[in-house]
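Atoms within a ligand are numbered from 1 in the order they appear, just like the ligands themselves.
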Amino acid sequence: MIKGFIFDLDGVITDTAELHYLAWKKLSDDMGWAFDREVNEKLRGVSRMDSIHIIKDHNNAQVSEAKLMELATLKNNIYVDSLDQMSPKDYLSGAQELLTLLRQEGFKVALGSASKNSTKVLSQLEATKFFDVIGDGNSVSKSKPAPDIFLYGAKKLDLQPNECIVYEDAEAGIDAAQAGGFYTVGIGPEERVGHADVRFDTMKEATLFAVKAHFKDLF
Ligand code: BG6
Ligand code: MG
């Protein structure tokens, strides 16, 4: 029986991927490093420090761990400043409606995000009220594709993984949820999340009705 839902944040509830991109691009430009949207795609679902390692490796740069931490902090300052413009108009289409319906139907709901800025993003969206548990980049030390963040959410909801459906837009996120024994809904293209139990191009199509129709024996 499905009793709960766990949501990734960036790319599922809201499209902060663009703001992450702009902040990494500004940092890279300042460093004289190459960075484009193709490299940015590799950062989807990946933690901040893992992200800067990917960008450094892409540029074959020799940088100390301490300097990388400093650069990641600079990027984060740019990113956090850009979050100030976010408001409830920035939900991905369908996300707010789905969260509202889950509340009405009495499902338990958790956030399972790699971002250490989740609380700020949820607050800008006025979405905090939709979540019983907030699992974010501060909750666990092993990031996706390790299952830890979703296991954390399920435990706090007092549910087993096979009682929860995870919504994810990242390849590493679907890997993480499957490693933990969760049912998965992939948001995005086949090449990225085709390994999910069910996949939708966008959140607009990933309605509770569509998900219940797919997992009909579990509701
Ligand atoms: C994930 C994003 O949700 O959070 C990644 O998909 C990002 O792109 C990661 O790097 C960490 O975010 P933050 O806000 O802690 O730097
Ligand atoms: Mg995501």
_I need the nearest protein heavy-atom contact for atom 6 (O) of ligand 1: residue, atom name and distance, please._
Gly45 N, 2.8 Å
*asked:* Among all the protein's non-hydrogen atoms, which is closest to atom 2 (C) of ligand 1, and how far away is it?
replied: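 Heavy-atom neighbour on the protein nearest atom 2 (C) of ligand 1: Asp10 OD2, 3.3 Å.
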*Has ligand 1 got any nitrogen or oxygen that is less than 3.5 angstrom from a nitrogen or oxygen of Arg44?*
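Min N/O separation from ligand 1 is not below 3.5 Å for Arg44.
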*Of all the heavy-atom pairs spanning Val12 and Asp169, show the shortest one and how long it is.*
CG2-N, 3.6 Å
*When clusters are formed by joining ILVMFWY residues with side-chain heavy atoms under 4.5 Å apart, either directly or through shared neighbours, do Tyr21 and Ile78 land in the same one?*
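No, separate clusters.
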Between [X] and [Y], is there a side-chain N and carboxylate O pair less than 4.0 Å apart?
X      : Y      : result
Glu171 : Lys144 : no
Asp201 : Arg199 : yes
Lys120 : Asp84  : yes

*At a 4.0 Å cut-off, with the gap strictly under it, does some heavy atom of Leu9 reach an atom of ligand 1?*
no
*asked:* With a cutoff of 4.0 Å, is Ser51 in contact with ligand 1, counting heavy atoms of the residue only?
replied: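 Yes.
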*At a cut-off of 2.8 Å, list the protein N/O/S atoms near the Mg ion (ligand 2), residue plus atom name.*
Asp8 OD2, Asp10 O, Asp169 OD1
*Using distance alone, with no hydrogens and no angle criterion, decide if Asp136 and Asn117 have a side-chain donor and acceptor under 3.5 Å apart.*
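Judged by distance alone, the side chains do not pair up.
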Below 3.5 Å, can you tabulate the donor-acceptor pairs from side chains in residues 60-69 to any protein atom, sequence neighbours excluded?
unit_1: Ser64; atom_1: OG; unit_2: Lys67; atom_2: N; d: 3.1
unit_1: Glu65; atom_1: OE1; unit_2: His53; atom_2: NE2; d: 3.1
unit_1: Glu65; atom_1: OE2; unit_2: His53; atom_2: NE2; d: 3.4
unit_1: Lys67; atom_1: NZ; unit_2: Glu70; atom_2: OE2; d: 3.3

*Centroid-to-centroid, His58 to Phe35, below 6.0 Å?*
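No; Phe35 has its ring centre 6.0 Å or more from that of His58.
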*Donor-acceptor pair, Glu163 side chain versus Gln160 backbone, under 3.5 Å?*
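Yes; judged by distance alone, with no hydrogens or angles, the pair exists.
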*Using heavy atoms and a threshold below 4.0 Å, how should the contact between Lys116 and ligand 1 be classified: side chain, backbone, both, or neither?*
both
